[in-house]
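In listed order, ligands and their atoms are each counted from 1. Starting from 1, each residue takes its place in the sequence as its number. The shown structure was predicted, so the numbers you read here are calculated from the model rather than taken from an experiment.
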Amino acid sequence: MNSLSNRLRRWRMRRILNRDAIPHPVWQDATRGMALLQGLDAVQMAHLRELATWFLHAKAINGVQGLEVTLTMRVTVAAQACLLLLNLDIDYFDNWVEVILYPGAFRVNHEQRDASGLVHSETSDLTGESWLRGPVILSWDDVQRDCYDLQAGRNVVLHEFAHKLDGRNGVNNGMPPLRRGMSRESWAWDFSAAYDALRAQVEAGADTLIDPYAATSPAEFFAVTTEYFFTAPQVLKNCCPFVHGQLERFYRQPAAR
Ligand SMILES: [Zn+2]
């Protein structure tokens, strides 16, 4: 990016932060008691508030099925989503504009083609979904549950927005555009070794240290390991230390909160 557009961007950002900063009581109300943010210091919390302010300016958060979305609810989503960006460029959330909130789990119908070419229609209840270049869809019930009741490896907002980081380069394959200085080869090596090991365990019917859902695809593996990185880093370290190390270099955040 050239320096003029950089300057313009910083100027726009400052204007947003000055004019539309999230009011302090609302920020307090939404983030107090948010288990995920325990351990962030005052400077990090202030930066997170700026990112969340930018997020609410750049993205629409709309309720469906009669769900009325308050500012506190929007901040609850934005604060968790922006935790991923605390030390990443905001460009990582480019190419999409909307978050859709359902009151609870939502039913979707997906068509899948099997090996013989037949198309099957599958109905399932989801807590979240992220479309490549499209919206992030979340169940408000689950967003709320995950942010106040910290469970190892479970946070629907982190999961769905990790898919956004991954899809930033146009494909959800478990490898987001990496930072300068990070090696794509070593990322691919570490992630595929851990992914293959997990798949083998799942296929053998063995117990796994992390949610076996991670073995669904490389994209799900990245999203699920991101959930562990922020909610239960020690579990991730025990399960796949090299993946933990890659995520530490990528997110540049302390693993232990
Ligand atoms: Zn997913």
Checklist entry - So F106 and I100, side-chain contact (heavy atoms from CB on, under 4.5 Å) or not? Walk me through it. => result CA-CA 11 Å; F106 48 95; I100 296 169; over 6 Å; no

Next on the checklist: Angle between ring planes, F55 versus F93, binned at 30° and 60°: parallel, tilted or perpendicular?
Outcome noted: perpendicular

Checklist entry - ring pair (Phe, Tyr, Trp, His ring centres under 6.0 Å): which pairs involve residues 128-151, sequence neighbours left out? => result none

Next on the checklist: Measuring centre to centre across the rings, with the benzene-like ring taken for any Trp, is Y92 within less than 6.0 Å of F250?
Outcome noted: yes

Checklist entry - Closer than 2.8 Å to the Zn ion (ligand 1), which protein N, O or S atoms? => result H159 NE2, H163 NE2, E220 OE1, E220 OE2

Item to check | hydrophobic_cluster_shared for W96 and I137, side chain cutoff 4.5 Å | outcome: no

Item to check | Stepwise salt bridge (Lys or Arg N to Asp or Glu O under 4.0 Å) check, D142 with R145 | outcome: CA-CA 5 Å; D142 292 86; R145 185 202 59 196; 3.2 Å; yes

